[in-house]
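The structure under discussion appears below in the form of C-alpha cells.
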Amino acid sequence: MFLIVFTIYENYQKCLTPSLLTIFSLTIKRNLTRIRSMQGSPTKKCSFCHNQMGATICCCCRSEQEQNEQLTSVILSREPPPKEQCRGSLLVFINPHSGRGKSLETFAHTVAPKLDRSLIRYEVVVTTGPNHARNVLMTKTDLGKFNGILILSGDGLVFEALNGVLCREDAFSIFPNLPIGIVPSGSGNGLLCSVLSKYGTKMNEKSVMDRALEIATSPTARAESVALYSVKTETATYAAFLSIGWGLMADIDIESEKWRKLGGHRFTLMGFIRSCNLRSYKGRLTYRPYKARDYTPSSNVFSIYDKTTQQRIDDSTSITIPSFADSEDEEKHLKNQKTTWTLHDSEDTTSSESESDEEVVIEDDFINMYAVTLSHIAADGPFAPSAKLEDNRIHLSYILWKDIGTRVDIAKYLLAIEHETHLDLPFVKRVEVSSMKLEVLSDGSYVVLDGEVVETKSIQVSSTRNNICVFSSTA
C-alpha cells in the first residue's frame with residue numbers, strides 16, 4: 001500500500017499544485033489509517049484453523065485457489081435442515097473473486113450457520129466467471145420454488161443476475177416477486193448501501209456488513225421495491241438499477257480494478273491519479289426533464305418467507321387479470337404483462353403533454369457525466385441524497401470542461417462526495433430526468449452501467465414503472 005502511494009506521488013508531483021497535494025495527502029493518510037484499523041492484530045502463524053462446520057480450512061499455508069476449492073467443497077457438502085421443518089429456501093450466488101476475495105469464507109463461516117439456525121434451506125452456485133449467474137437464471141426452470149436470491153458479491157453480480165432474468169419470457173412477473181438479498185463482498189455496494197441508509201444504518205464497513213448479515217439470514221426478513229430502468233445500446237437491451245457513468249468517474253471505476261484487494265479505497269487512489277492527469281471527452285447528451293404524470297411509487301413491503309416466488313406471482317396474476325370475453329384476448333394480455341416494459345413517459349401521456357416535453361441537447365467537451373437512480377454508489381456518502389428506492393426519476397449530473405478552473409476543482413468535487421456537498425459546487429450541473437441519451441463522439445473512454453463496462457457509442461436510459469424487490473429490513 002505504501003509503495004502504491006509513493007509511486008503516485010513520484011509520478012505526479014510535478015504536475016500538482018501544493019493545494020491539490022495537500023488535499024490528497026490528507027485523504028490517503030486517512031484511508032491508510034482505516035486500512036490498518038481494519039486489519040487489526042497481525043495474522044497468527046498457524047498451519048490450519050477450524051471453521052464452525054468442523055472442517056479443516058488452511059488459512060496460511062495454502063494458495064488462494066486451494067483454499068477456495070476446499071471452502072467450496074465444504075459448502076456444497078453441507079446437509080440442509082429437514083425440508084418439513086424449513087421456513088423457506090434461497091438460491092445463493094457466490095463470486096469467490098469479488099472484492100478482497102472473502103465471499104466463500106464469509107458464507108462458510110457466517111452465513112451458512114446462521115441460515116441453518118434459522119431453518120432456511122439454500123442451493124449454492126459458486127460462479128466460475130462472467131455470465132455464469134446470468135446463464136443459470138436465464139435457464140433455471142424451478143426458480144419459482146425459492147423465496148429469494150442471496151448474492152455474495154457486489155453490484156456487478158446483481159446486474160448480471162437481473163439481466164439473466166430479463167432474458168426469460170416471464171421476466172416481468174419475476175422481477176417484483178423474487179427478492180434479492182446482498183451480503184457485501186464486492187468493492188461497489190451502492191444498492192445495499194442505498195437500502196440500508198434508508199433505515200439508518202451507519203455507512204461504515206462493519207455496520208453495513210453486520211446489518212446485511214442480519215437481514216440476509218433472518219426468518220423475519222422483509223423486502224421492498226426498487227425502481228428498474230430500461231437501457232438500450234446499439235446492440236442490446238439491459239435492466240439497470242443504479243447508475244450510468246461516462247468520463248472521470250467511469251475511468252476511476254474501471255481503471256482501479258487492478259487494486260480490487262483494497263476494496264473501496266481503490267477509488268480514492270485512482271481519483272488522485274485522474275485528477276492529476278485530467279481528460280476531456282467529446283459527447284452529445286440529450287435528456288427529458290422529469291414529470292410525475294400522476295404516478296405515485298410505492299415501497300410494497302412484504303415478508304420474504306410467507307410465500308414462495310411462484311405463490312406471489314400467482315397472487316398478483318389473479319388480482320390484475322381483467323375479465324375477457326375472448327380467451328385469445330386474455331392470453332395476449334398475460335403475454336404482454338410478462339414481456340414488456342412500462343415506460344414512464346408513455347404511460348397516460350397525451351399528445352399535448354408530449355409536445356410540451358422539450359428535450360435538452362448538449363454537445364460539448366465533458367469531464368464527467370454521471371446519472372444515478374439510488375442515493376448511494378458506495379458507503380462513503382450519498383451521491384444523490386434526495387433519491388428514494390422506489391422513485392423512478394433519474395438524477396443526472398455533469399461537468400463541462402469549460403466550466404472548471406483548475407485540477408483542484410475536480411479534487412474538491414471527488415472529496416466533496418463523502419460530505420454530500422459535491423452537487424452544490426458551481427461547476428456541477430444537475431437535473432432530474434425521465435430519459436437520457438448519451439452519444440460518445442470521441443475515442444478512449446468507458447461507458448459504465450451499474451459498474452459494468454458496456455461496449456457502445458450510444459446508450460439510451462428510460463424511467464419505467466417496473467421494479468425489482470430487495471431484502472431491506474427485519475420485522
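- Residue Ile399 is tested with Leu425, Leu248, Val428 for a side-chain contact (heavy atoms from CB on, under 4.5 Å); the sole match is Val428.
- Looking at residues two or more places apart in sequence or on another chain, you find a salt bridge (Lys or Arg N to Asp or Glu O under 4.0 Å) between Asp391 and Arg393.
- In Lys140, the NZ atom is crowded: over 12 heavy atoms of neighbouring residues, nucleotides or ligands sit closer than 6.0 Å.
- Nearest heavy atoms, Asp251 versus Tyr446: OD1-CD1, 3.2 Å.
- Heavy atoms only, all atoms of each residue included: Asn466 and Thr340 are closest at ND2-O, 4.0 Å.
- Residues passing the side-chain contact (heavy atoms from CB on, under 4.5 Å) test with Asp403 are Leu400, Phe427, Lys429, sequence neighbours excluded.
- Looking at Asn392, its side chain never comes within 3.5 Å of a backbone N or O of Ala227 through a donor-acceptor pair.
- Of all heavy-atom pairs spanning Leu374 and Ser194, the tightest one is CB-OG, 3.4 Å.
- Closest approach of Leu449 to Ala240, counting heavy atoms only: CD1-CB, 3.8 Å.
- Contact record, Asn95 with Thr127: CA-OG1, 3.3 Å, taken as the closest heavy-atom pair.
- A salt bridge links Lys198 to Glu224: one of the charged nitrogens lies within less than 4.0 Å of a carboxylate oxygen.
- Judged by distance alone, with hydrogens and angles left aside, the side-chain atoms of Thr373 form a donor-acceptor pair with the main-chain N or O of Leu242 at under 3.5 Å.
- Applying the salt bridge (Lys or Arg N to Asp or Glu O under 4.0 Å) criterion to Lys232, with sequence neighbours excluded, gives no partner residue.
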